[in-house]
Amino acid sequence: MHTVASILALATTASAIQGFNYGSTFTTGAAKQQSDFENEFTTAQNLKGTSGWTSARLYTMVQGGTASDPIAAIPAAIKTKTTLLLGLWASGGDTSFANEILALKAAIEQYGDDFANLVDGISVGSEDLYRNSPMGIAAGSNVGAEPATIARYIKETKDTIAGTGLEGTPVGHVDTWTAWYNGTNQAVIDACDWLGMDAYPYFQDTMPNGISESKSLFQEALGKTQQAGGGKAVWITETGQPVSGKTVGQSVASTDNAETYWKDVVCPLVASGTNLWYYTLQDAAPDTPSPSFGIVGDKLTTTPLFDLSCDDVDTSSSSSSSAGSSSTTKASSATASGSGSSTTETASLGNSGGSPGGVNSAQISSEASATVTPSISTTLSNSAATGTGTGTGSGSGVGSGSGTNGTFTAPPSATSTVPASGATGLQSGAFAAAFAAIMVAIYAF
Ligand SMILES: *[C@@H]1O[C@H](CO)[C@@H](O)[C@H](O)[C@H]1NC(C)=O
Ligand SMILES: *[C@@H]1O[C@H](CO)[C@@H](O)[C@H](O)[C@H]1NC(C)=O
């Protein structure tokens, strides 16, 4: 028997985009081929309990093992009618980025409108600003990029698609909340048509982060990113809860909790019409990493490890999470307005209240064979007019700290995607291996 909410939810036509993140290589280092992408895309489309998870977010335009050939995910997407959030890897320097642009141009020429009609958007870079920050550098992550560089690459990308079938495609960038909220990165926000946010409450171990807190932690991250974006659309480019792995803070990695996260966070986002690329359908394979975020386990199968249906989920409390200018189609409750208003922490974060200080944990997920050593200790102090926030965090995965004001709520976790250096230096995508390095820092904006 359906509840009222479920009937209304079924009556709702979500107009937003849903999909998963797809790396470009296997954990063996081998590049995925067209048939590999086709298998993944077809699995996503036929996942039991779902419909419409038909977009693929990519990290690079370049096919593994080549200098600048278009990634084989493109013909696979055409064949399976999968839409694409393209990614151009932006932390490899100008020569590397030039190859991303070459691959983009080649894809436009080679596949024409069959390709262009499938493109949801283009992301220039992934967590480059986070990796460029003291946290990222201290955590031993691979290189990132300066905001001016990302802004320049965004312009170059827009120039590249002008006058082609991709003209008008929204171009943005993906980064962590902390990077979006860092005013020094404003040039990137200015250059973007949309902001991509990665968020994982699982890693926020310096505050209560049991699974029951996940929804509020996620919404806080989203609200602050929306605030930083000044009205630009915020797309959720990565989020998820692991099905297995170690407990981080109070967050237990289990299929039960992954299901709870899906019902509490993902279903309301879908209902509110927010563009979302979940992390993830399947972890980099064949060596399953720990923690593992894949909802299908080791083998590609349309039977997920937990129930993905949203039918009986009350999505009425999702209004504050509706992102940016995304259209809102939810109808499950009179109170759901989808106005995209930010959460309540703005006073302390706006530096007007003199209450900085607090603890943030940032997590690194490395790709391919990259490993990161978690042994960080850092102190950042705030230059706010009316208060200074200092604190200490110690590494090895856990940290603690305190600010001058106990009322401050620490910012959400930052996540980083670290590319392994491969033959081409462009091993973007292909998450695998080690989730490592919990980095602790004090954030005081
Ligand atoms: C803020 O962003 C700038 C530019 O990306 C970076 O250099 C700086 O380290 C960032 N600050 C923090 C605290 O992350
Ligand atoms: C801490 O926050 C409270 C409430 O916002 C404020 O009244 C107080 O002045 C703050 N204390 C410090 C040391 O910033």
Side-chain angles (χ1 to χ4, degrees), residues 89-94 97 123-155 172-192 195-200 203-204 206 221 224-225 227-230 232 345 348-351 355-364 372 374 376-385 387-395 399 401-404 408-419 437-445:
W89 192 253
S91 284
D94 287 354
F97 192 75
S123 175
V124 177
S126 180
E127 300 189 356
D128 313 83
L129 301 173
Y130 165 73
R131 288 195 303 279
N132 196 47
S133 72
M135 282 194 305
I137 292 165
S141 65
N142 285 18
V143 292
E146 294 288 334
T149 304
I150 298 296
R152 174 163 59 86
Y153 288 170
I154 291 171
K155 183 177 185 308
H173 167 75
V174 169
D175 227 298
T176 60
W177 169 78
T178 48
W180 286 124
Y181 207 77
N182 174 350
T184 311
N185 293 324
Q186 185 64 40
V188 177
I189 295 176
D190 293 343
C192 283
L195 281 56
M197 183 189 82
D198 294 354
Y200 294 90
F203 291 108
Q204 293 180 238
T206 58
K224 288 167 182 169
T225 302
Q227 186 189 347
K232 294 196 176 182
E345 305 299 326
S348 60
L349 284 161
N351 261 343
S355 59
V359 185
N360 178 44
S361 68
Q363 152 272 334
I364 309 294
V372 182
I376 308 304
S377 173
T378 191
T379 300
L380 299 178
S381 62
N382 177 29
S383 58
T388 57
T390 60
T392 56
S394 53
S402 60
T404 53
F408 181 85
T409 302
S413 69
T415 68
S416 178
T417 302
V418 183
I438 303 293
M439 158 66 203
V440 175
I442 303 305
Y443 256 72
F445 289 95

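For this chain, numbers begin at 1 and follow the sequence in order. Whatever order the structure lists ligands and atoms in, that order sets their numbers, starting from 1.
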Quiz item: Quick one: CG on Asn132 to CD on Glu127, what's the gap to the nearest 0.5 Å?
Solution: 13.0 Å

Quiz item: Nearest non-hydrogen atom to atom 7 (O) of ligand 1 belongs to which of Asn132, Asp175, Thr178?
Solution: Asn132

Quiz prompt | Atoms of ligand 1, numbered as shown, that sit under 4.0 Å from any heavy atom of Pro134 | solution = 9 (O), 12 (C), 14 (O)

Quiz item: Which atoms of ligand 1 sit under 4.0 Å from any heavy atom of Pro147?
Solution: 4 (C), 5 (O)

Quiz item: Between Trp89 (side chain) and Ser126 (backbone), is there a donor-acceptor pair under 3.5 Å?
Solution: no

Quiz item: In terms of ring plane angle, is the pair Trp180 and His173 parallel, tilted or perpendicular, where the classes change at 30° and 60°?
Solution: perpendicular

Quiz item: Taking Thr178 as the fixed residue, which of Thr176, Asp175, Asn182 is the one that meets the side-chain contact (heavy atoms from CB on, under 4.5 Å) rule?
Solution: Thr176

Quiz item: By number and element, which atoms of ligand 1 are closer than 4.0 Å to a non-hydrogen atom of Asn182?
Solution: 1 (C), 2 (O), 3 (C), 8 (C), 10 (C), 11 (N), 12 (C), 14 (O)

Quiz prompt | Flag, side chain of Lys232 to backbone of Leu195, donor-acceptor distance under 3.5 Å | solution = no

Self-check item: Residue Ser133 vicinity, atoms of ligand 1 by number, heavy atom under 4.0 Å
Solution: 9 (O), 14 (O)

